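Following: one structure in C-alpha cells, then a few remarks.
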Amino acid sequence: MIQVFNTLTRQKEPFTPIRAGEAGLYVCGVTPYDDCHIGHLMGPVLFDAVSRWLLARGLRVRFVNNITDIDDKIINRAKASGESWKAISERYTEQYFTCMRRLHVRTVTDHPRCTEYIPQMIAYIGDLVAKDRAYVAADGVYYDVLKQPDYGKLTGRRLDDMISGSRVERDAGLRHPADFALWKLAKPGEPSWDSPWGGGRPGWHIECSVMSLGTLGETFDIHGGGDDLKFPHHENEIAQGEAHGGSYARCWMHNGLIQYEGVKVGKSDPRMKDPAFAQRFKAVHLIDEHGAAVLRFLVLQGHYRRPSEFAEKAITAARTALAKMHRQFGELLDEPLMDTGRESDFLAEIAARPASPAVSSHRDGFFSAMDDDFGTGSAIAHLFSILSEARKLEPAQARQALIIARDLGRSIGLFQPGDGADTSSAEAASSKLSAVMELVIALRQQARANRAFATSDRIRDALTAAGITVKDAKDGASWILGGASDQAMERVMALVIGLREQARTDKDFAASDRIRDGLAATGITLNDGTSGTQWTAI
RNA sequence: GGCGCCAUGGCGGAGUGGCUACGCAGCGGAUUGCAAAUCCGUGUACCCCAGUUCGAUUCUGGGUGGCGCCUCCA
C-alpha cells in the first residue's frame, strides 16, 4: 500500500486511485520566457520518480505536465527584444524538454500547451460567469473569491487576514482584492484571441484547471507542483475547479525548492542580480558542468518535500558517492534497460530473485521506503547497503546483488546506461587540457635543457599526433590545438603516462613523482593498476 | 500581522518510544617503489525547558533559532 502526504489534509493517506489500476497525475510545468532554472526541473525529476514507482507498482499512469506558453512575462520579453512571443516560448519550451530528456525524465505522457486550449478556457470561464462565480470588470473577467466560502483551505489562510496582511492591493474595479483574472483583455499590439468579453488572453491559473480537465477529467488523483505554487496558484485552481465541477484534485503534492546555503534561490532573490550567481543555477549549465546523473542523484537523495541544497559542496559529495556506486557496478551500469511495457512485472521479477538474507532485507527496505511517501533518500540508502553487502559475497552472488541494486535504482530512474560518463573523466577532459599541457611543455623544456632530445622529440611527435602544434620561441614554448579537445586530452594523457612509465622503468622515481604531483595539482589522479595506468580528472 | 515547515555527529541527509540509517570527510590498518583505487576497522549525534512514560532524539506543552508563503516564482 502506497502512502502519500496530502498537502490539503497535511497527513499521509493511502493512495486509492479514482479508477482502479490507473493514476492521473498533473504537475505544473513552466512559463517559457527565459533560460530554464534548475528549480524548473525539480518537479519533473521528482514526479518522474513518483510516476515510475506508481508504474512499478502496477498502475497505468497518465502524467500531465503543462506548458504555459502565453503569459505577461512572455509578452514583456517579446516587447523588449522585438522577437515574437511565439518564437520565445517555443525556444524555451524546447530547452525545457531537452533538459528533461537529459535528466532521464521519461514518464510524462502529455505536455499540453495553453494556446491549444483557448476555446476550452473560454467555455470554462463562460460557465463560471453563468454560475455567478465570476464577473466582468473593465480590463477582464475575474473570479469572485467571496463566493467561495472555504477559499484559502489549501494554505490555511483567510481573506480578512490577507487584506490586513499587507501586499494585496485594493483595486477599484474588483469586488475583492484577492479576485484574480480569468481573462485579460488585450492592449493594442498584444497577442489576442476572440472571446465573448473581447479580444484577450487567459489569466494565470485558468490554464491548469482547463488542461487538467481536458486530459484527466474534472476530478483526478494527484496534483503536484513546487512549494511556491501553493499560493496563490493552486489555491486559485482549487477555487475555479470546485466552482466549475464540484471537486478538483484529490491529493496535492508539493516539492521542496532549490536552495543555496540554506536560502531559496527564486526569481526575486537579490543574489540573482549577480550574473555569475544566476548562471550557476541555469539548468543547462548545471547539467553540462556536473552531469545529469549526478544532479538526479543529488535530488533523489533527499526527500521530495524538503528543499534541496545546491551548494558546490553538496553537488561534489553527490558526485563522489554516485561515482563509487558506478565504479562498483562496472559494466553492469551500461547493460541495456529491460524492455518491459508492464513495469510491475519488472518489479515483481526483481522481488523474486534469489538473494542473501541481508540483500533481501535491504531490497524489502527499498520497497517500504518508496511505498512510504516516495522516500527516495531512504531507498537509496538501502542501495548503498546492498552494494556494501555485495562486497562480502562470492563473485557470482555479488553480481546478482549488484544487479538487484541496479534494477531497483532503475525503477526510479537511476543508473541509466551511459551515466558512467557523468562521474568519470570524459566530462572534465576538455577543461583540463590546458592545465596538463602546461606540465607537458615544462617536461619538454626540461628535456631540452638536459639535451635529452630523444624525449623532447617524442613529446613533440605525440602532440602532433594529438592535433597539437608546439612552437618553440626564445621566451618559451606555446601550443595550438587543431582538433577536438577531448580526443587530444586522451592522447596527451597517454603521452604523459608513457613518459612516467619510462621514468619508472628507469627507476627514476623522483621524475615519476614529479609527473604525478604535477598532474595532481591540476586535479588529475593516476591509478597504477595491473593493466596499466588509468587517469581520473576531478 | 497571518499561515506553514524545519531544528540530528565535521558536512549532507534518513529515521525511530528502548535494538544508535546511509553517504562524504576524518582517523587506524592492509595493499602500493610512493600514491590512487580497493578492502578491513573506527565515531553512542539528535536546539533549550518542562510534562507523559519503566524509558524520549522520537509523544505533549512552552521557549529559542532558521527557513518558506502571504508580489513574480518550479
Side-chain angles (χ1 to χ4, degrees), chain A residues 7 10 27-31 33-34 36-47 65 68 71-73 76 96 152 154-169 178 204 224-233 235 254-259 262-269 272 283 297-298 301-303 305-309 311 313-325 327-328 362 365 369 372 375-385 387-388 391-392 504 507-510 512-513 516-517 519-520 524-529 533-536:
Chain A
T7 309
R10 301 204 177 89
V27 176
C28 290
V30 292
T31 300
Y33 73 100
D34 199 357
C36 198
H37 180 261
I38 187 61
H40 296 147
L41 276 321
M42 287 294 279
V45 168
L46 258 5
F47 286 101
N65 181 234
T68 303
D71 176 89
D72 290 2
K73 290 192 289 292
N76 290 338
Y96 177 62
L154 179 68
T155 50
R157 57 193 83 208
R158 293 175 312 185
L159 290 170
D160 300 348
D161 296 337
M162 289 166 49
I163 299 167
S164 58
S166 61
R167 287 192 264 192
V168 179
E169 287 179 20
W204 186 35
D227 214 30
D228 52 352
L229 256 28
K230 280 183 191 166
F231 190 90
H233 187 53
E235 203 72 81
H254 288 94
N255 65 270
L257 307 177
I258 294 291
Q259 55 179 219
V263 180
K264 173 191 166 187
V265 180
K267 275 267 138 14
S268 44
D269 189 317
M272 291 296 259
F297 183 80
L298 170 68
Q301 223 184 351
H303 188 97
R305 272 190 279 130
R306 305 263 299 157
S308 210
E309 177 61 52
K313 259 174 80 175
I315 302 175
T316 304
R319 186 189 28 245
T320 314
L322 182 62
K324 199 173 167 181
M325 288 184 141
R327 255 199 308 275
Q328 199 176 344
H362 283 116
D372 182 8
T376 51
S378 179
I380 288 173
H382 286 290
L383 261 26
F384 276 110
S385 301
L387 294 198
S388 173
R391 291 183 213 117
K392 299 172 190 160
R504 292 174 74 205
K507 301 285 183 198
D508 183 0
F509 292 120
S512 152
D513 286 352
R516 185 203 292 288
D517 294 344
L519 287 174
I524 292 171
T525 50
L526 296 179
N527 309 320
D528 297 328
T533 301
Q534 301 296 315
W535 63 277
T536 317

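Predicted, not measured: the structure shown is a model, and the values here were computed from it. Here is the naming used below: chain letters follow the sequence lines, and residue numbers restart at 1 for every chain.
As a whole-Å value, the separation of A/Met325 CE from B/rA37 P is 18 Å. For the pair A/His254 NE2 and B/rG68 P, the interatomic distance rounds to 17 Å; values are reported in whole Å. To the nearest angstrom, C1' of B/rC70 lies 14 Å from CG of A/Leu229. Distance A/Asp228 CG to B/rC70 P: 8 Å, rounded to the nearest Å. Whole-Å rounding puts the A/His303 NE2 to B/rU8 P distance at 17 Å. Atom-to-atom, CD1 of A/Ile380 to P of B/rC24 comes out at 13 Å; the value is rounded to the nearest Å. Computed from coordinates, the A/Gln328 CD to B/rA37 P distance equals 15 Å when rounded to whole Å. In this structure, CD of A/Gln259 is placed 10 Å from C1' of B/rG68, rounded to the nearest angstrom.
Side-chain atoms of A/Thr376 come within 3.5 Å of backbone N or O of A/Gly302 as a donor-acceptor pair. Side chain of A/Gln328 to main chain of A/Leu387: a donor-acceptor pair is present (N/O by atom type, distance under 3.5 Å, no hydrogens or angles). Although no hydrogens or angles enter the test, the distance criterion places no donor-acceptor pair under 3.5 Å between the side chain of A/His382 and the main chain of A/Ala379. Listed for the A/Arg504 side chain is no donor-acceptor partner under 3.5 Å among the backbone atoms of A/Ser512. In this structure, the side chain of A/Glu235 engages the main chain of A/Thr155 through a donor-acceptor pair within 3.5 Å.
Base contact: A/Asp528 has a heavy atom under 4.0 Å from a base atom. Nucleic acid contact class of A/Gly152 (heavy atoms, under 4.0 Å, all strands): none. Counting any heavy atom pair closer than 4.0 Å across all strands shown, A/Val265 reaches a base atom. Within 4.0 Å of A/Leu383, counting heavy atoms only, lies no atom of the nucleic acid at all. Among the heavy atoms of the strands lying under 4.0 Å from A/Ser268 is at least one base atom, whether or not backbone atoms are also near. Nucleic acid contact class of A/Gly39 (heavy atoms, under 4.0 Å, all strands): base. Residue A/Arg306 is classed as a sugar-phosphate contact, given heavy-atom separations below 4.0 Å to backbone atoms only. Contact annotation for A/Gly156: backbone-only contact, meaning every heavy-atom pair under 4.0 Å involves sugar-phosphate atoms and none involves a base. In this structure, A/Val263 reaches the sugar-phosphate backbone alone: every heavy-atom distance under 4.0 Å involves primed, P, OP1 or OP2 atoms, never a base. Note on A/Lys324: only backbone sugar-phosphate atoms sit closer than 4.0 angstrom, heavy atoms only; bases stay farther off.
Each of B/rG33, B/rC73, B/rU38 was ranked by its minimum atom distance to the side chain of A/Asp513; first place goes to B/rG33. Listed nucleotides: B/rC73, B/rC69, B/rA14. Nearest to the side chain of A/Arg157: B/rC69. Listed candidates were B/rC5, B/rA21, B/rC72. Nearest to the side chain of A/Ala381 is B/rA21. Nearest nucleotide to the side chain of A/Pro232, out of B/rC72, B/rC67, B/rA74: B/rC72. Taking only side-chain atoms of A/Arg516, from C-beta outward, the nucleotide of B/rC22, B/rA35, B/rC6 with the closest atom is B/rA35. Between B/rC22, B/rC73, B/rA37, one nucleotide has an atom nearer to the side chain of A/Asn527 than all others, and that is B/rA37. Taking only side-chain atoms of A/Lys73, from C-beta outward, the nucleotide of B/rC5, B/rG68, B/rC73 with the closest atom is B/rC73. Comparing B/rC73, B/rC22, B/rG68 by their nearest atom to the side chain of A/Phe384 picks out B/rC22. The side chain of A/Thr525 has B/rA36 as its nearest neighbour among B/rA36, B/rC5, B/rG13. Closest to the side chain of A/Asp227, from the set B/rG68, B/rA74, B/rC69, is B/rG68.
Salt-bridge check for A/Asp227 with A/Lys264: failed, with every basic side-chain N at 4.0 Å or more from each acidic carboxylate O. Ionic pairing of A/Lys73 and A/Asp71 is present here: one or more N-O contacts between side-chain nitrogen and carboxylate oxygen are shorter than 4.0 angstrom.
Across B/rC47 and B/rC34, the matching C1' atoms stand 47 Å from one another, rounded to whole Å. Taking atom C1' in both B/rG15 and B/rC6, the straight-line distance is 15 Å, to the nearest Å. B/rC39 and B/rU58 have their P atoms separated by 36 Å, with the value rounded to a whole Å. Here, B/rC46 and B/rU16 have their C1' atoms 11 Å apart, quoted to the whole Å. Nucleotides B/rU44 and B/rA35 are separated by 29 Å at their P atoms, to the nearest Å. Rounded to whole Å, the separation between the P atoms of B/rU42 and B/rC49 comes to 32 Å. Remark: the separation of the P atoms in B/rU57 and B/rU52 is 15 Å, to the nearest Å.
The side chain of A/Arg327 contributes an N or O atom lying less than 4.0 Å from OP1 or OP2 of B/rU38. For B/rA74, neither phosphate oxygen OP1 nor OP2 lies less than 4.0 angstrom from any side-chain nitrogen or oxygen of A/Lys230. Under 4.0 angstrom from either OP1 or OP2 of B/rC69 there lies at least one side-chain N or O belonging to A/Lys264. Applying the 4.0 Å criterion to OP1 and OP2 of B/rC39, one finds that A/Arg391 has a side-chain N or O inside that range.
Of the two residues contacting RNA chain B, namely A/Lys313 and A/Ser512, the nearest-nucleotide position lying further toward the 5' end is that of A/Lys313. Annotation: of the two residues near RNA chain B, A/Ala314 and A/Tyr33, the 5′-most nearest-nucleotide partner is A/Ala314.
Minimum heavy-atom separation, A/Leu383 to A/Met325: CB-CE, 3.8 Å.
The shortest distance between side-chain heavy atoms of A/Asp228 and A/Lys267 does not fall below 4.5 Å.
Between A/Phe297 and A/Phe384, the two ring planes are perpendicular [angle over 60°; tilted spans 30° to 60°].
The base of B/rC73 is not paired with the side chain of A/Asp34 by any donor and acceptor separated by under 3.5 Å.
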*If you write RNA chain B from 5' to 3' in dot-bracket form, with Watson-Crick or G-U pairs under 3.5 Å, [ ] for crossing pairs and | for pairs with another strand, what do you get?*
(((((((..(((.....[...))).(((((.......)))))....(((((..]....))))))))))))....
